[in-house]
J.: 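Pasting in a structure now, in structure tokens, and then I'll have a few things to ask.
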Amino acid sequence: MTLSGAAGCIVVPLATSNPMKTNFSRLLAALVVGGSLLSPLRAGCEILLYPLARAFGAPPESELVRCRQAFQQLQAHLRESRVPVQPVFCVGGGRAVWRRMTAVALAREASDQTRADLVVPRNGAPAVPPTEFGHNQLRYLWTRAAVYTDWVKANPPAADYVWIAEIFGHGGKVGAIQVYILDAGGQVAYCRLFNSHHFGSNLPLESDAAVQLIVRSFFEDLKKSAEQIFPPYGIG
């Protein structure tokens, strides 16, 4: 779920005897004043909506600051990094499994986009406790991110980053996707959710369609600013 704030501007009329000049001057003044007020007004709205964003599951701004810093490091250093792609957590048909072959497909797809050393562990998967999905995917996303953070901290990887993905489905169709990339210290560097608002209601579960969506979206996001990926106060 995305929350957005609105920004306004104040028009300052300038007195003059020329009507055409008056209109132009007013427009120029509106643009100048509006531009100068846009950033603080937006920031003010973000702060005012902060409790609402937190209620929906957005993390504290202090955590988002760390996420932005980690994302910028990811942008700068991914190509020279070693990145284990963990077995993908797949939920559907009343069962949950970690699928290594789905991770293999993800790593293969991503290898066309980066020179990073993408490896899929041969044994095991993140030994993490279950997390209730509930009715709020954003809250689940960040609750689950904290779970993976604890796991990475308890099991420091011999790598620069860890890539984890989850695919939830029902009736042969994908219903929800969560993606996490954490650095070797467990700090979230990338965190994203997808649902039918992003991919519709007919994304097939038993195919590489979800994997392709994950990879395509990640490398598109990698070109964006950290503030776009982790909006201030969780509002963007």
Side-chain angles (χ1 to χ4, degrees), residues 59 63 66-91 96-128 131 137 140-169 174 176-195 198-199 203 205 207-224 226 228-230:
E63 172 59 21
R66 290 190 288 270
C67 290
R68 289 180 209 119
Q69 294 170 344
F71 179 73
Q72 290 171 334
Q73 290 297 309
L74 178 65
Q75 288 176 305
H77 301 295
L78 175 63
R79 69 179 63 188
E80 64 222 30
S81 296
R82 179 176 174 80
V83 186
V85 180
Q86 295 296 319
V88 176
F89 187 59
C90 298
V91 180
V97 296
W98 296 90
R99 290 186 177 173
R100 184 177 184 277
M101 290 311 298
T102 306
V104 170
L106 195 159
R108 182 174 60 245
E109 188 78 19
S111 66
D112 291 335
Q113 304 288 333
T114 181
R115 289 182 292 177
D117 182 13
L118 303 171
V119 295
V120 181
R122 291 195 169 276
N123 298 307
V128 297
T131 302
Q137 189 180 3
Y140 171 86
L141 178 80
W142 284 103
T143 300
R144 192 70 167 168
V147 170
Y148 289 131
T149 290
D150 290 342
W151 174 72
V152 172
K153 287 181 176 180
N155 303 272
D160 301 289
Y161 293 97
V162 177
W163 193 339
I164 303 170
E166 302 180 336
I167 301 172
F168 288 28
V174 176
I177 297 171
Q178 291 78 231
V179 185
Y180 315 83
I181 295 181
L182 299 91
D183 68 20
Q187 173 61 52
V188 172
Y190 180 77
C191 190
R192 180 96 188 260
L193 64 79
F194 302 93
N195 53 42
H198 303 95
F199 52 72
L203 193 69
L205 186 60
S207 74
D208 285 342
V211 163
Q212 292 165 359
L213 171 68
I214 290 169
V215 171
R216 182 176 66 252
S217 298
F218 170 64
F219 285 101
E220 288 174 356
D221 286 344
L222 209 57
K223 300 173 185 177
K224 300 177 182 177
Q228 287 177 284
I229 304 304
F230 299 105

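Quick caveat, the model's predicted, so the values are computed rather than measured. Note that these values count all heavy atoms, side chains included, but never hydrogens, waters or copies made by symmetry.
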J.: By the definition side-chain contact (heavy atoms from CB on, under 4.5 Å), identify the one residue from Tyr180, Tyr190, Phe218 that meets it with Trp163.
T.: Phe218
J.: Taking C-beta and beyond as the side chain, do Ile177 and Phe199 meet within less than 4.5 Å on heavy atoms?
T.: yes
J.: State which residues pass salt bridge (Lys or Arg N to Asp or Glu O under 4.0 Å) with Arg216; sequence neighbours excluded, sorted by chain then number.
T.: none
J.: Compare all side-chain heavy atoms of Phe219 with those of Leu78 and state whether any distance is below 4.5 angstrom.
T.: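 With C-beta onward as the side chain, the pair touches.
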J.: Residues in ring pair (Phe, Tyr, Trp, His ring centres under 6.0 Å) with Phe230, at least two apart?
T.: none
J.: Please name all residues satisfying ring pair (Phe, Tyr, Trp, His ring centres under 6.0 Å) with Phe168, sequence neighbours left out, ordered by chain then number.
T.: Phe133, Tyr140
J.: Tell me which pairs pass side chain to side chain donor-acceptor pair (under 3.5 Å) where either residue lies in residues 104-126, with sequence neighbours left out.
T.: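 Side chain to side chain donor-acceptor pair (under 3.5 Å) check on residues 104-126 returns Arg82-Asp117.
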J.: Holding to side-chain hydrogen bond (donor to acceptor under 3.5 Å, both in side chains), I want the full list of residues that pass it with Glu80, two or more places apart in sequence or in another chain.
T.: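 Partners of Glu80 by the side-chain hydrogen bond (donor to acceptor under 3.5 Å, both in side chains) criterion, ordered by chain and then number, come out as His77.
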J.: Which pairs, with at least one residue in residues 68-77 and sequence neighbours excluded, count as a salt bridge (Lys or Arg N to Asp or Glu O under 4.0 Å)?
T.: Glu61-Arg68
J.: Considering residues at least two apart in sequence or located in another chain, which fulfil the side-chain contact (heavy atoms from CB on, under 4.5 Å) criterion with Ala189?
T.: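 Applying side-chain contact (heavy atoms from CB on, under 4.5 Å) to Ala189 gives Ala70, Leu74, Tyr161.
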J.: Tell me, please, which residues at least two apart from Gln75 pass side-chain contact (heavy atoms from CB on, under 4.5 Å).
T.: Phe71, Gln72, Leu222
J.: Which residues satisfy the side-chain hydrogen bond (donor to acceptor under 3.5 Å, both in side chains) test with Gln86, sequence neighbours excluded?
T.: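 Per chain and number, Gln86 pairs via side-chain hydrogen bond (donor to acceptor under 3.5 Å, both in side chains) with no residue.
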J.: For residues 96-107, which side-chain donor-acceptor pairs fall under 3.5 Å, sequence neighbours excluded?
T.:
| residue | atom | partner | partner atom | Å |
| --- | --- | --- | --- | --- |
| Arg100 | NE | Pro121 | O | 2.8 |
| Arg100 | NH2 | Val120 | O | 3.3 |

J.: Not counting sequence neighbours, which residues clear side-chain hydrogen bond (donor to acceptor under 3.5 Å, both in side chains) with Lys224? List them please.
T.: Asp221
J.: Among residues at least two apart in sequence or on other chains, which ones pass side-chain hydrogen bond (donor to acceptor under 3.5 Å, both in side chains) with Thr131?
T.: Arg144
